[in-house]
Amino acid sequence: MPEGTTKPGASDASRRLEKTFDPASFEQKWYRSWEAERRFEPSGPASSPRFVMVIPPPNVTGRLHIGHALGRTLEDVLARWNRMRGHRVLWVPGTDHAGIATQMVIERQLASEGIDRRTLGREGFVARVWAWKREAKDTIQTQMKRLGCSLDWSRERFTLDPDLSRAVRHAFVQLYREGLIYRGRYVVNWCPRCGTAVSDLEVVHKEVDGKIYQIRYDVPGVRSGAVVATTRPETMLGDTALAIHPEDPRTAKLRGKTAVLPIVGRELPIVEDPILVDRAFGTGIVKVTPAHDANDFSTAERHNLPAVVVIGPDARMTKEAGADFAGLDRFEARKAILERLASENRLVATEDHRYALGHCQRCDTIIEPYLSTQWFVKIQPLADPAIQAVQQGAVRFVPESWAKTYFAWMENIHDWCISRQLWWGHRIPAFYCENGHITVSEEDPKACATCGLGRLEQDPDVLDTWFSSQLWPFSVFGWPEETTDLKVFYPTDVLVTGYDILFFWVARMIMAGLHFTGKAPFHTVHLHGLVRVGGEKMSKTKGNVIDPIEAIDEFGADAVRFALAAAASSGPTVSLEKQRLSGSRAFATKLWNASRFALGQFDPERPDGTPPRDLELPDRWILSRLSYAAGEVARQLELFRFDEAAQAIYSFLWHELCDGYIEMVKPRLSGPGASTESREAARQTLYRCLADSLALLHPFMPFVTEEIWEKVTGQVGTLIVTAFPRQRPEWSDPGAERSVEALRALVTRVRNYRGERSASPTEPVELSIDPASAPEILSDLRNLSAILVHLARLSDLRFEAPLEGATRDVVAGAAVGLSLPRPASSADRSRAEKTLSELDREIETLSAKLRNPSFLDRAPAPVVEKTRRRLAELEQRRSALSGATA
RNA sequence: AGGCGCGUGGCUCAGUGGUAGAGCGCUUCCUUGACACGGAAGAGGUCGGUGGUUCAAUUCCACCCGCGCCUACCA
């Protein structure tokens, strides 16, 4: 096959598209072009509205997954759409150091080399992480460029950059001085494997099947002693009291007594505590282990009880646990203690028990509540304004149902443990002198602020990674400096992210933004769903992971983007199947081929897309539909309904433009009988539809639309800044829509009739339209008769009452007769009878309704009227059809 | 335990107080000068169950069943 057989006048290669659609051949070219033309930087007059987003900075732990691709696609759709509607758009890129997650990645790497991070030392280890970070950042950047993200790379940031680190330090110092950061000894969530404290949010609760043990403690003076229940017998070595409810008659005899801790022999006061003890549960007696349970810790504070740490940071029993158990792992200790209790006859009962147990979000190790000195943010004073901001509408969630979840969490929020016993992150700016004083300051202090001692040591710990992420919407612009960028681009407009980090990040950004800048960091939060495949979370073990780059290689970036946007409904899951990807690629191919056809019509002179005055019915119809589609895309995008917006442009382009309009006008474009004026009207209309479709689709499929745009308009790389098409009231033409829809219905009816009569598509069918029917569309139908004959492949079309023997029907209000030059078979007749009985059923339903007095009485008049009309239509069809079969 | 959400054709999902929609898949036909990653026609659903409100419920309410997710200090 000779490539590109030339048609007369079609020799200009710049106006031709290759026969095969190959996205890889142009994607990178266009991204480089946009970058070179600095299209991703905010531009346009300062008076035009701005649209600002910050990227949720991906962790520098590795590669982006398909979930990132979803979020970035939605953001890019918004960025490109707003750019095209004339906004000054800024979308800030960057990455997150992701303290614990990244440190773990490197530790795993080291482990595979047989190295422990401690042998490298803190500096050596951190240097190694930095080297990794540079690599990971490049990978991530390349991935986002492949996806087409129109991020302003000149403003790229990293949470450990010097200026962002300064923001972190400033925020810490400010909160400390305001009394909103404090240091203290409390029970925190401790991961023994990671060797660090974690926040409540980093603990994943999972149901486990375990046992609950009842243990008898001796109580001098009470023969039966005290039986307590526990799921964690190993912690009993750290008991410092028993607790009962002050109003529980069952345990009244224990009041004021002292119990003896088995094995250890320690005397335990029996305290009365209505908060800790639930009268309705178990024996009504609770063991109090202040060092290993947060509730017990606060109980101990209320009653002035000591805390004994019996499990160390490595989850092994401490010296305090006694010589028999010290050094044992916590679960080995449990076994040993149970054996001892059993041998002492103190184990009263062992029952199966299902309960929730905290696991480390990162490594799945069972979390140990651990008494240690940590830094905390006092959160209530920050949470209150953040609650109000959402209540008062300064920040809104889309979908709005997330506000409920937000409130529920914010209203029961606990202080935030922000210190981490890690090496990778922002070091806590607290310095200790030998006298135990703390100096907190933005610059490294030379001497203790309290006693002036010169020898200071900085706190070895780092901050929770989210402490810096919460500052992201303003730290990227140079806060706390009053930079120009901060003034111009903050607060931002929209934040797009998955709902899984609503608490981790979104809520904290709102709190931090309000506290540090006095402004909510964005007015709208769009929370999208999580990507699932076949209803399941993607996981490497299930082998259903879709890698975005592999998908782009296979289907093209535009198809990946379109599939993601089209799948992004308002629900909590975004279901992505491979078939969706191939379906989106087919759509891109369809656009490609339709454009090839159109380009063939635009020679030798390129139309300018100005529809002439003497438009014909199909032209007016498609422009009316185009205008509607343009309005619909914008309306849906306003609502963050990316799926509906994608659907609107999809069905216009494929079903109306390609299947409808192009097929209707082919004879006018290339047929011998068409007049120059008629051809010109079709060319201009086709050009307008194609150019506007490219623009409407560009936010979703930037590469292929830019590629075709060049061929269609002759402009290179300008689609990205072309005005987004708007709904045009002057193009709205309900009359043309009605007539052309009627035409399409007639064509379908004829094809359908061939099916009923088992006729081949080429068998001649005669159609007659009764001129007495449907007077309002009759003249339009006469105008459209050439198209009707062509599309329906009619052998004859007459505007007269149906002939004897024809199959009668009513289509779009017009009484028609259809006939083939051969008699109907019995099969044909039974099909017709089936249609009739279906009609009868529906007629009966409707007339029953209209016979119902309360329906007539209470239903609104338009509904009754509509029902009447529908019934009349059905009866008309019925009598037409039965006339033919009778 | 509480909260939120979901249960619609084979699959994945939209949607609405007035006799159900899309994409994919399936069946049949069509290699017609843009496109077989295509065109045409078609089959396929008591909208989880039971009650209630209503002239009318897939849509609103209650309860139940099933499935997710989030939050949670019941020893």
Side-chain angles (χ1 to χ4, degrees), chain A residues 5 7 17 19-21 187 200-201 205 212 228-232 243 275-278 280-289 293-299 353 355-356 369 401-402 404-405 408-409 412 499-500 502-503 530 532-535 555 559 563 566-567 569-580 582-601 641 643-644 647 650-651 658-659 662-663 666 670 747-748 751-756 758 760-762 793 841-842 845-846 849 852-860 862-864 866-867 870:
Chain A
T5 18
K7 277 190 252 175
L17 293 170
K19 179 153 169 61
T20 39
F21 167 59
V187 172
D200 294 348
L201 286 175
H205 294 270
I212 187 164
V228 303
T230 181
T231 54
R232 304 200 56 201
I275 299 171
L276 180 71
V277 184
D278 177 356
F281 189 88
T283 59
I285 310 168
V286 182
K287 66 195 257 319
V288 181
T289 321
D293 184 293
N295 288 311
D296 292 6
F297 183 80
S298 45
T299 305
H353 187 60
Y355 57 101
S401 55
W402 287 109
K404 241 183 201 171
T405 312
W409 187 71
N412 297 294
Y499 67 81
D500 52 332
L502 173 58
F503 305 140
L530 273 24
R532 303 284 166 103
V533 174
F555 300 101
S569 62
S570 57
T573 58
V574 174
S575 213
L576 189 73
E577 314 294 316
K578 269 271 169 102
Q579 285 143 335
R580 276 198 105 117
S582 51
S584 296
R585 182 182 50 189
F587 179 50
T589 308
K590 186 73 182 176
L591 170 66
W592 184 265
N593 285 313
S595 303
R596 287 179 58 228
F597 170 79
L599 285 166
Q601 313 305 316
R641 287 305 302 264
D643 57 336
E644 296 284 355
Q647 180 63 38
Y650 180 97
S651 60
C658 291
D659 295 346
I662 289 180
E663 294 309 320
K666 272 179 181 170
S670 52
V747 172
T748 301
R751 288 170 174 164
N752 178 308
Y753 172 73
R754 280 204 181 84
E756 285 168 12
S758 308
S760 86
T762 49
R793 291 167 168 254
R841 223 183 11 209
E842 207 178 328
T845 313
L846 289 179
K849 222 173 185 179
N852 182 351
S854 44
F855 173 72
L856 296 171
D857 209 35
R858 308 210 185 181
V863 172
V864 178
K866 206 176 145 194
T867 311
R870 173 99 182 116

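Values reported hereafter were calculated over all heavy atoms of this structure, with side chains retained and with hydrogens, waters and symmetry mates removed. Numbered from 1 within each chain, the chains take letters A, B, ... in sequence-line order. From a predicted model like this one, the values you see are computed outputs, not experimental measurements.
- Nucleotide B:A36: unpaired (no Watson-Crick or G-U wobble partner with both distances less than 3.5 Å).
- Distance check on atom P: B:C4 versus B:A62 gives 11 Å, rounded to whole Å.
- Residue A:S595 is out of contact with every strand shown, counting any heavy-atom pair closer than 4.0 Å.
- If you take OG1 on A:T289 and CG on A:D296, they are separated by 5.0 Å, rounding to the nearest 0.5 Å.
- Base contact: A:L276 has a heavy atom under 4.0 Å from a base atom.
- Using Watson-Crick or G-U wobble geometry with both donor-acceptor distances under 3.5 Å, B:A22 finds its partner in B:U12.
- OP1 or OP2 of B:C35 sits under 4.0 Å from a side-chain N or O of A:K19.
- Within 4.0 Å (heavy atoms only), A:A859 reaches at least one base atom of the nucleic acid.
- A cation-pi geometry, defined here as NZ or CZ lying under 6.0 Å from the six-membered ring centre and within 45° of its normal, holds between A:K666 and A:F597.
- Counting to the nearest Å, the C1' atom of B:G18 and the CG atom of A:L856 are 14 Å from each other.
- Whole-Å rounding puts the A:D659 CG to B:A22 P distance at 14 Å.
- Atoms CH2 and CZ, from A:W592 and A:R585 in turn, are 14.5 Å apart once rounded to the nearest 0.5 Å.
- Ranked by how close their nearest RNA chain B nucleotide is to the 5' end, A:R641 and A:R793 are led by A:R641.
- At a threshold of 4.0 angstrom between heavy atoms, the contacts of A:A356 include nucleobase atoms, whether or not backbone atoms are also involved.
- Nearest to the side-chain atoms of A:A586 among the listed nucleotides B:G18, B:C37, B:A34 stands B:C37.
- Comparing the C1' positions of B:A56 and B:U16 gives a spacing of 14 Å, expressed to the nearest Å.
- Relative to the side chain of A:L201, the nucleotides B:U71, B:U12, B:G23 differ in distance, and B:U71 lies closest.
- Residue A:S401 places none of its side-chain N or O atoms closer than 4.0 Å to OP1 or OP2 of B:C4.
- Relative to the side chain of A:R532, the nucleotides B:C37, B:C69, B:G18 differ in distance, and B:C69 lies closest.
- When both pairing distances are held under 3.5 Å, B:C4 makes a Watson-Crick or G-U pair with B:G68.
- Considering only the side chain of A:T573, B:C13 comes nearest among B:C37, B:C13, B:C24.
- Atoms NZ and CG, from A:K287 and A:L276 in turn, are 11.0 Å apart once rounded to the nearest 0.5 Å.
- Within the nucleic acid shown, A:F503 comes within 4.0 Å of sugar-phosphate atoms alone, with no base atom in reach, counting heavy atoms only.
- Comparing the C1' positions of B:U31 and B:C37 gives a spacing of 16 Å, expressed to the nearest Å.
- The structure places CZ of A:R870 at 10.5 Å from OG1 of A:T845, a figure rounded to the nearest 0.5 Å.
- Residue A:P369 is classed as having no contact, given no heavy-atom separation below 4.0 Å to the nucleic acid.
- At a threshold of 4.0 angstrom between heavy atoms, the contacts of A:T845 with the nucleic acid are absent.
- Comparing B:A34, B:C13, B:C73 by their closest approach to the side chain of A:S575 singles out B:C13.
- For A:S569, taking side-chain heavy atoms from C-beta onward, the closest of the listed nucleotides B:A75, B:C13, B:U71 is B:C13.
- Proximity note for A:C658 (side chain, C-beta onward) versus B:A34, B:C29, B:U12: the nearest is B:A34.
- The side chain of A:P860 lies closest to B:G18, out of B:G18, B:A75, B:A34.
- A:A408 comes within 4.0 angstrom of no nucleic acid atom, judged by non-hydrogen atoms across all strands.
- If you check every strand for non-hydrogen atoms under 4.0 Å, A:I275 touches nothing.
- We find that NE2 of A:H353 is positioned 9 Å from P of B:C74, with the value rounded to whole Å.
- Remark: P of B:C24 and CD of A:Q647 are 10 Å apart, rounded to the nearest angstrom.
- Here A:D857 lies out of heavy-atom contact (under 4.0 Å) with every strand.
- The side chain of A:T589 places no N or O atom within less than 4.0 Å of a non-bridging phosphate oxygen (OP1 or OP2) of B:C35.
- A:S575 and A:T573 form no side-chain donor-acceptor contact under 3.5 Å, judged by distance and modelled atom types alone.
- As the counterpart of B:U31, no nucleotide is assigned, since no Watson-Crick or G-U wobble pattern has both distances under 3.5 Å.
- For B:A56, there is no paired nucleotide, since no Watson-Crick or G-U wobble pair has both relevant distances below 3.5 Å.
- As the counterpart of B:G45, no nucleotide is assigned, since no Watson-Crick or G-U wobble pattern has both distances under 3.5 Å.
- One finds no side-chain N or O of A:K578 lying less than 4.0 angstrom from the OP1 or OP2 phosphate oxygen of B:U12.
- Regarding A:F297, its CZ atom lies at a distance of 14 Å from the C1' atom of B:C73, rounded to whole Å.
- Summary of the strand contacts: A:I285 and A:K866 both lie near RNA chain B, and taking for each the nucleotide with the nearest heavy atom, the more 5' one is attributed to A:K866.
- Expressed to the nearest 0.5 Å, how far OH of A:Y499 lies from CG of A:L530 amounts to 4.5 Å.
- In this structure, A:N752 atom CG and B:C29 atom C1' are separated by 14 Å, rounded to whole Å.
- Using C1' as the reference atom, B:G44 and B:A22 are 15 Å apart when rounded to the nearest Å.
- OP1 or OP2 of B:G39 has at least one side-chain nitrogen or oxygen of A:K590 nearer than 4.0 Å.
- A:E663 places its CD atom 12 Å from the P atom of B:A41, with the value rounded to the nearest Å.
- Closest heavy-atom contact between A:I662 and A:A594: CD1-CB, 4.4 Å.
- Atom pair A:L576:CG and B:C24:C1' shows a separation of 13 Å (rounding to whole Å applied).
- Contact annotation for A:R870: base contact, defined as any heavy-atom pair under 4.0 Å involving a base atom.
- Between the side chain of A:N593 and the backbone N or O of A:T589 there is at least one donor-acceptor pair closer than 3.5 Å.
- Residue A:R751 is in sugar-phosphate contact alone, with no base atom involved, counting any heavy-atom pair closer than 4.0 Å across all strands shown.
- Listed candidates were B:C35, B:C24, B:A75. Nearest to the side chain of A:Q579 is B:C24.
- B:C74 sits 29 Å from B:C6 when the C1' atoms are compared, rounded to a whole Å.
- Taking atom C1' on both B:U59 and B:U46, the two are 16 Å apart, rounded to the nearest angstrom.
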